[in-house]
Engineer: 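Encoded as structure tokens, here's the structure I'll be asking about.
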Amino acid sequence: MPELPEVETTRRGIEPHILKHGVAGVVVRNAQLRWPVPETIHSIVGDHIAAVKRRGKYLLLGMTQGTVIMHLGMSGSLRVCGKAEPYRKHDHFICCFETGKSLRFHDPRRFGAILWTTEEPYEHPLLAELGPEPLSAKFHAEYLYRVTRNRRMPIKSFIMNSHVVVGVGNIYANEALFMASIRPGRAAGRLTKAESEQFVGAIKRVLKKAIQEGGTTLRDFLNAEGNPGYFVQSLQVYGRDGAPCQQCHRPIKRKMIAQRASYYCPACQT
DNA sequence: CCCTGAACCTGACCGC
DNA sequence: TGCGGTCAGGTTCAGG
């Protein structure tokens with residue numbers, strides 16, 4: 001479920017419930033996630049949440065003694081629960097607060113991660129090499145044009161590489177390419193300066209709008225309050241193969257690119 | 001360095 | 001109902 005808008009929606013949802021709250025205990029019901037949840041995660045007990053941040057699709061719980069680095073993978077979600085709520089299947093990690101509330105990490109496919117570091121979190125190997133935030137001033141047309149030169153990889157795969165720019169996953173890559181009238185299979189290095197400008201603008205617009213609408217709900221995604229996101233109603237191409245293009249009414253096409261479903265309008269996108 | 005494909009997992013859905 | 005095949009929002013890693 002989570003791309004950047006879903007992760008940001010989650011961050012905003014949990015922050016008011018956990019910021020400054022003391023950690024009374026930790027329950028690891030299944031440590032086998034993307035990487036094993038380290039034993040050292042228990043060192044957060046007795047500490048408190050000093051900050052709730054996001055870098056790309058990583059959530060960072062800043063404590064006084066270190067940082068919990070979380071990733072929701074493909075199917076992960078975080079929810080703030082009350083005292084007596086029973087565990088659900090796939091609730092793998094629970095952080096219990098002195099208030100009686102708890103933060104629960106739920107992840108059926110277990111591609112997510114929960115790590116602990118006492119070092120500077122942005123220098124952690126998983127974060128150190130990440131590209132710019134897509135909504136920051138560092139992500140601009142000249143940057144995209146420069147890093148795409150001589151790259152033969154399809155532009156869609158290229159933009160989904162978090163070392164290029166963080167937070168653009170499969171849904172929003174498809175949507176932004178449609179908005180910029182660029183086919184997903186085009187070689188990255190063949191984008192013109194004008195197209196780089198279009199594409200960067202489209203990425204910023206689509207992510208901003210999705211965050212405003214609380215993310216995209218597919219299947220069972222609920223935000224930290226248990227509410228769905230509404231961006232799914234705004235999708236122009238994702239999941240719409242065979243349906244009419246909203247611009248020209250010809251059917252949207254579906255094609256696999258690097259093992260990921262790609263959707264585009266063969267008429268509107270070149 | 002560049003690029004591709006496999007791997008990590010569970011569950012939903014579709015056709016037979 | 002059951003069974004097998006396919007697909008799913010992400011990312012790292014091995015290998016050519």
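Letters A, B, ... are given to chains in the order of the sequence lines, protein chains preceding strands, and every chain is numbered from 1. As the structure is a computational prediction, the values presented were derived from the model and not from experiment.
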Engineer: Does C:dA8 have its OP1 or OP2 closer than 4.0 Å to a side-chain nitrogen or oxygen of A:Arg254?
Structural biologist: yes
Engineer: Which whole-number value in Å describes the distance from A:Leu33 CG to C:dT12 P?
Structural biologist: 16 Å
Engineer: Looking at every strand, decide which applies to A:Arg260 at a 4.0 Å heavy-atom threshold: base, sugar-phosphate, or nothing.
Structural biologist: base
Engineer: Within the 4.0 Å heavy-atom criterion, would you say A:Ala258 contacts the bases, only the backbone, or no part of the nucleic acid?
Structural biologist: nothing
Engineer: Are A:His71 and C:dT11 close enough that a side-chain N or O sits under 4.0 Å from OP1 or OP2?
Structural biologist: yes
Engineer: Among the nucleotides B:dG11, C:dA8, C:dG9, which one has an atom lying closest to any side-chain atom of A:Met256?
Structural biologist: C:dA8
Engineer: Write down the atom of A:Gln236, the atom of A:Glu175, and the distance for their closest heavy-atom approach.
Structural biologist: N-OE1, 2.6 Å
Engineer: Between A:Arg151 and B:dC3, is there a side-chain N or O to OP1/OP2 distance below 4.0 Å?
Structural biologist: yes
Engineer: Search all heavy atoms of A:Pro134 against all heavy atoms of A:Val166 and return the closest pair with its distance.
Structural biologist: CD-O, 3.1 Å
Engineer: Assign each of A:Arg109 and A:Leu130 to its nearest nucleotide of DNA chain C by heavy atoms, then name whichever residue's nucleotide is nearer the 5' end.
Structural biologist: A:Arg109
Engineer: If you compare every side-chain N and O of A:Lys89 against the phosphate oxygens of B:dG11 (OP1, OP2), does one of them come in below 4.0 Å?
Structural biologist: yes
Engineer: So, applying side-chain contact (heavy atoms from CB on, under 4.5 Å) with A:Phe105, which one of A:Ile94, A:Ile114, A:Val28 is it?
Structural biologist: A:Ile114
Engineer: Give a yes or no on whether the ring-centroid distance for A:Tyr264 and A:Tyr238 is below 6.0 angstrom.
Structural biologist: no
Engineer: As a quick check of understanding, evaluate side chain to side chain contact (heavy atoms under 4.5 Å, CB included) for A:Tyr122 and A:Lys53, giving each step before the final call.
Structural biologist: CA-CA 11 Å; A:Tyr122 298 107; A:Lys53 296 183 184 172; 3.6 Å; yes
Engineer: What is the separation between atom CE on A:Met70 and atom P on C:dT11, rounded to the nearest whole Å?
Structural biologist: 16 Å
Engineer: Taking the minimum atom-to-atom distance to the side chain of A:Leu126, which one of C:dT11, C:dT12, C:dG9 wins?
Structural biologist: C:dT12
Engineer: For A:Ala173 and A:Lys156, work out which heavy atoms get closest and say how close.
Structural biologist: CB-CG, 4.2 Å
Engineer: With centres under 5.5 Å and planes under 30°, do A:Phe111 and B:dC8 count as stacked?
Structural biologist: yes
Engineer: Using a 4.0 Å heavy-atom cut-off across all strands, classify A:Arg34 as base, sugar-phosphate, or nothing.
Structural biologist: base
Engineer: Applying a 4.0 Å non-hydrogen cut-off, can you work out what A:Gln259 is touching in the nucleic acid: base, sugar-phosphate, or nothing?
Structural biologist: base
Engineer: Quick check on contacts: within residues 153-168 of chain A, what sits under 4.0 Å from DNA chain B by heavy-atom distance?
Structural biologist: A:Met153
Engineer: Consider side-chain hydrogen bond (donor to acceptor under 3.5 Å, both in side chains). Of A:Glu85, A:His21, A:His17, which one does A:Lys101 pass it with?
Structural biologist: A:His17
Engineer: Is the distance from OP1 or OP2 of C:dG9 to the nearest side-chain N or O of A:Tyr238 less than 4.0 Å?
Structural biologist: yes
Engineer: Dot-bracket for DNA chain C, 5' to 3', with Watson-Crick and G-U pairs under 3.5 Å, [ ] for crossing pairs and | for other-strand pairs: what is it?
Structural biologist: .|||||||.|||||||
